[in-house]
2 protein chains.
Amino acid sequence: MELASVGALFMFRGNHPTRVDEKGRLKVPAEFKRVIDEKYGQQFYITSLDGKVAQVYPFEEWERIEQKLAGLSNFNPTKKKFLDRTNYYGQQVEMDGQGRLLLPQLLRESGQIKGEVAVLGNLTYLVVRNLELFKREIEEEKFTPEDEKTLDELGI
Amino acid sequence: MELASVGALFMFRGNHPTRVDEKGRLKVPAEFKRVIDEKYGQQFYITSLDGKVAQVYPFEEWERIEQKLAGLSNFNPTKKKFLDRTNYYGQQVEMDGQGRLLLPQLLRESGQIKGEVAVLGNLTYLVVRNLELFKREIEEEKFTPEDEKTLDELGI
DNA sequence: AAGATGTGGGAGAAAGTGGTTGAAAGTGGC
DNA sequence: GCCACTTTCAACCACTTTCTCCCACATCTT
């Protein structure tokens, strides 16, 4: 199969369950890897805002975020919080010859990102999270009447 | 692995947890050391503004800060406060043959910078802080609706 | 069946750690 | 004020541990 790139607003989409091995290495699902090979280099920035979910940015995409942040004052509290968190969890990593990424240890622990995980496409980056925790979260969050109204208004 | 320096707005980024030994020596994480070896000398200026967090400047970068300060009058209160603090905590140190930096004792005590620490990339310098204290700070600082709005506006 | 994808593991190199020795700085006595 | 002794510090050496790279096998897909 091939990922459509027709006017691609979304670079990555969908869920690819996979597993992180004992050494903390994540195999990038082949479909995502094809997009990466075509569009990006081998460098990635892996970080998180909440410690529960790993965000995997092609390095070029992360740099765009840094550039946006550079426009804010260093005393801007949002910038401080954002950088505190992304710096705390973040690490720059390179893909190995087998298409695997070594996840930062801090993140593996804080988000239980080991064993069975979900790799999700999300716009310009990938999200990696513990599959079991993800499943539980979905079961807990119910659609409210307001949610249904919002969807209706969008015509979904 | 190699750190990209693509149009580097940020010279250093991400977190490398490490530990400061009994003698107060900090091992500079290999990834940061590679950038330093390529771009700077063995001299560093280690100081702090708040006593909680050590700021480790390649000496060349610290000199640039001094030059900027030179543009201000000696009676400028901001300059006085800045120099009072950085002089109080500051020390010039040299990296040893094993790539370690001896942290000034005053800072080790005032910022609990010993045992498990985080070494963080931050623009042109490194930040060293107690890992446990850092973790606690992050857990306390919550994103507010305003923060989310700011990030939304930036498209992050 | 054959290629592509995913998985595990081992060897060698790199990174990290601790300790010891020699020099330098600090202190006290003459 | 100078000399000698003591103590601290820094540089170097050697060992241990971790990690990265690569090879080889298993499994899935077309």
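Each chain gets a letter, A, B and so on, in the order the sequences are listed, and its residues count up from 1.
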To the nearest Å, how far apart are Gln105(A) CD and dG16(C) P?
13 Å

For atom CD of Glu22(A) and atom P of dT20(D), their distance in whole Å:
17 Å

Is it the case that dG8(C) (base atoms only) and Arg19(A) (side chain only) share a donor and an acceptor within less than 3.5 Å, ignoring hydrogens and angles?
no

Distance (rounded to the nearest 0.5 Å) between Lys27(A) NZ and Gln98(A) CD
7.5 Å

Separation of dC19(D) C1' from Lys33(B) NZ (nearest whole Å)
18 Å

Arg64(B) with Glu61(B): basic N within carboxylate O range, under 4.0 Å:
yes

Gap between atoms CZ and P, on Arg108(B) and dC9(D) respectively (whole Å):
9 Å

Expressed as a whole number of angstroms, how long is the span from Glu116(A):CD to dT7(C):C1'?
13 Å

Taking only the side-chain heavy atoms of Ala30(A) (C-beta and beyond), determine which of dG6(C), dG9(C), dC12(D) contains the nearest atom.
dG6(C)

Does the gap between the ring centers of Tyr45(A) and Phe59(A) come in under 6.0 Å?
no

Answer yes or no: side-chain N or O of Lys23(B) and base N or O of dT20(C) forming a donor-acceptor pair under 3.5 Å.
yes

Give the rounded distance in Å between these two atoms: CD of Gln42(B) and P of dA10(D).
16 Å

Judged by atom type as modelled, is there a donor-acceptor pair below 3.5 Å linking the side chain of Asn122(A) to the main-chain atoms of Tyr125(A)?
no

Pair Glu141(B) + Lys81(A), salt bridge at N-O below 4.0 Å
no

Separation of Asp21(A) atom CG from dC25(D) atom P, in whole Å?
19 Å

Testing dA24(D), dT5(C), dC12(D) for proximity to the side chain of Gln98(B), the answer is dC12(D)

Could you say whether Lys27(B) or Val28(A) is positioned toward the 5' end of DNA chain C, judged by the nucleotide with the nearest heavy atom to each?
Val28(A)

Does any donor-acceptor pair link the side chain of Arg25(B) with the base of dG16(C) at a separation under 3.5 Å?
no

Measure the distance from CZ on Arg100(A) to P on dG6(C) and round it to the nearest whole Å.
11 Å

Which nucleotide sits closest to the side chain of Leu102(B): dT7(C), dA10(D), dA15(C)?
dA10(D)

Counting only side-chain nitrogens and oxygens, does Arg34(A) get under 4.0 Å of the OP1 or OP2 atom of dT5(C)?
yes

